Amino acid sequence: MTTPKAELHCHIEGATPPALAARLADKYGIDLSSWLHEGRYVWHDFSSFIACYAAIASVFRSEEDFAALAEAYLDELAAAGAIYSELFVSPEQGLAAGLSRDGYMRAISAGIEAARNRTGIECRMVMIGERHMGPEQVEGAARYAVSCGFPLLTGFNMAGDERVGRVADYARAFDIARDGGLKLTIHAGEVCGPGSVRDALDLVRPDRIGHGVRAVEDPGLVRRLADEGVVLEVCPGSNIALSVYPDFRSHPLRQLFDAGVRVTLNSDDPPFFDTSLAREYAVAQSEMGLSAAAIAAMTRQAIAAAFVDEPTRARLYARLDG
Ligand SMILES: Nc1ncnc2[nH]cnc12
Ligand SMILES: [Zn+2]
């Protein structure tokens, strides 16, 4: 039997297989030659990754395209043993495609339902505001998130370029989301250091942090994360591909786990980083020195931190234990 898995951090457009991007580009007459070459995405640093990501996300043009993407990704996860997934969604991509935000959300919801009906995988959506688009856009995303009424949308997140602006500039967006009943997570401590994680904790008061790994540079902050029970959505393969760390052996996942920080395993944007959730699980054991029991504890942690209601969480635990 495959090891049960759960994922809290995957950007749905970032899960686009290169072959699908090529097929849609061909169908819609989009030139992707700067971003896709011989079946691989082309980028060389964080800024060009963000640009490549945007170019690939732009090949989706219909509700059917978005629905098929979500369904295919969740089918793949379920086949790898995943029982739960949180997908980061960006309704701005719907607008860019000439659809509405609602059309985009309807499409991803339909993909999720189809995958759940076939495989049993449970999934929730977390809405993304892109930091480099500025506070007004991120607040707009939060306002839409709290008013759109899609039942599978349970969280709000800020991704994008962590080097842009100050966390304080975005605190209002998170207040809007929290007041509207959404759970919160925020990308921090990925490209920027411990100060970014501290700002996120102090100014956003999130339920979880996306990445957060660079907190390891400040032992006092690591203690705080452990003491406060902050959950980190760790994405080792992404960190290595983006040169945050040179290799899996230098990655701080094990150090954070051993320090008592609540860590989970995630793939972020799998084909961009030559990874998959299954690979992250395999490498954590084979190259990062984590035991099968430690990895099982991370899966349990992901269920504990999932943005679901309590009956759903109980059902997920039952599947883990079953
Ligand atoms: N790893 C990442 N960091 C920030 N923003 C992102 N958007 C997609 N992937 C991202
Ligand atoms: Zn991410």
Side-chain angles (χ1 to χ4, degrees), residues 1-12 14-15 73-74 76-88 121-124 126 155 157 159 185-190 197 207-216 222 225-226 229-242 244-245 247-308 313 316-317 319-320:
M1 197 191 103
T2 46
T3 314
K5 300 177 180 69
E7 179 165 68
L8 301 180
H9 188 129
C10 178
H11 303 253
I12 186 57
Y73 181 64
L74 292 173
E76 179 196 318
L77 271 192
I83 62 167
Y84 183 68
S85 151
E86 268 170 40
L87 294 177
F88 296 164
I121 190 168
E122 195 68 56
C123 179
R124 296 292 180 273
V126 175
N157 186 356
T185 179
I186 174 172
H187 283 62
E190 176 193 21
V197 175
D207 299 282
R208 308 190 311 233
I209 289 190
H211 300 283
V213 284
R214 290 197 55 196
V216 79
V222 172
L225 292 174
V230 179
V231 175
L232 301 188
E233 305 155 5
V234 181
C235 313
S238 160
N239 296 152
I240 286 148
L242 285 164
V244 180
Y245 300 101
D247 52 40
F248 284 104
R249 284 176 204 284
S250 328
H251 191 281
L253 174 66
R254 167 106 194 250
Q255 194 182 337
L256 290 162
F257 180 79
D258 288 344
V261 178
R262 299 181 182 192
V263 290
T264 63
L265 269 179
N266 304 277
S267 70
D268 206 4
D269 305 284
F272 285 81
F273 305 139
D274 290 322
T275 194
S276 64
L277 185 63
R279 179 161 189 265
E280 298 295 328
Y281 269 69
V283 166
Q285 202 165 352
S286 64
E287 296 194 43
M288 302 172 89
L290 287 150
S291 65
I295 292 166
M298 292 180 199
T299 305
R300 226 178 160 74
Q301 183 57 68
I303 301 303
F307 294 165
V308 291
R313 198 183 320 281
L316 290 167
Y317 278 133
R319 282 195 70 188
L320 270 192

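Since the model is a prediction, treat every value here as computed from it, not as a measurement.
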List the steps, then state whether side-chain contact (heavy atoms from CB on, under 4.5 Å) holds for V308 with R124. CA-CA 8 Å; V308 291; R124 296 292 180 273; 3.8 Å; yes
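- When side chains are defined from C-beta on, T299 counts as touching L320, because their heavy atoms get closer than 4.5 Å.
- Screening residues 267-289 for salt bridge (charged side-chain N to carboxylate O under 4.0 Å, His left out), with sequence neighbours left out, gives R40-D274.
- Of all the heavy atoms in S276 and P270, the pair that sits closest is CA-CB, 4.0 Å.
- Atom CG of L8 and atom CG of L232 lie 11.0 Å apart (nearest 0.5 Å).
- With sequence neighbours excluded, the residues satisfying side chain to side chain donor-acceptor pair (under 3.5 Å) with E190 are H211.
- In this structure a side-chain-to-backbone donor-acceptor pair under 3.5 Å is present from E86 to F307.
- Under the 3.5 Å distance criterion, the side-chain polar atoms of E7 are left unmatched by any main-chain donor or acceptor of L277.
- Using cut-offs of 30° and 60° on the angle between ring planes, the pair H187 and F88 is perpendicular.
- In this structure, G81 and T2 approach most closely via the heavy-atom pair CA-OG1, 3.6 Å.
- Residues S267 and C10 meet the side-chain proximity criterion, which asks for heavy atoms closer than 4.5 Å.
- Residues E122 and L316 meet the side-chain proximity criterion, which asks for heavy atoms closer than 4.5 Å.
- For the atom pair CD1 (I121) and NZ (K5), the distance works out to 11.0 Å, reported to the nearest 0.5 Å.
- Separation of atoms CG (N266) and OG (S238) is listed at 10.0 Å; rounding is to 0.5 Å.
- Nearest approach of I209 to A188, heavy atoms of both residues: CG2-O, 3.8 Å.
- What you find for F273 and G237 is that their closest heavy atoms are CB-O, 4.1 Å.
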Under the side-chain contact (heavy atoms from CB on, under 4.5 Å) criterion, do M298 and F257 qualify, and how do the steps go? CA-CA 9 Å; M298 292 180 199; F257 180 79; 3.8 Å; yes
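- Put simply, the side chain of T275 never gets that close to the backbone of P271: no donor and acceptor are under 3.5 Å apart.
- Residues forming a side chain to side chain donor-acceptor pair (under 3.5 Å) with R262 (at least two apart in sequence, or on another chain): none.
- No side-chain N or O of Q285 forms a donor-acceptor pair with one of S291 less than 3.5 Å apart.
- For the residue pair V197 and G189, the shortest heavy atom distance occurs at CG2-CA, 3.5 Å.
- The shortest non-hydrogen separation linking L253 to A284 is CD2-CB, 4.4 Å.
- A heavy-atom distance below 4.5 Å is not found between the side chains of L265 and V234.
- No side-chain heavy atom of H11 sits under 4.5 Å from any side-chain heavy atom of L87.
- The distance from atom CD of E233 to atom OG1 of T185, rounded to the nearest 0.5 Å, is 3.5 Å.
- For the pair V213 and Y245, the minimum side-chain heavy-atom distance is below 4.5 Å.
- Here R313 contributes atom CZ and Y84 contributes atom OH; the two are 8.0 Å apart, rounded to the nearest 0.5 Å.
- Between V261 and V230, every side-chain heavy-atom pair lies at or beyond the 4.5 Å cut-off.
- How far CZ of R208 is from CD1 of I186: 13.0 Å, rounded to the nearest 0.5 Å.
- Side-chain contact annotation: S85 with Y73, donor-acceptor N/O pair under 3.5 Å absent.
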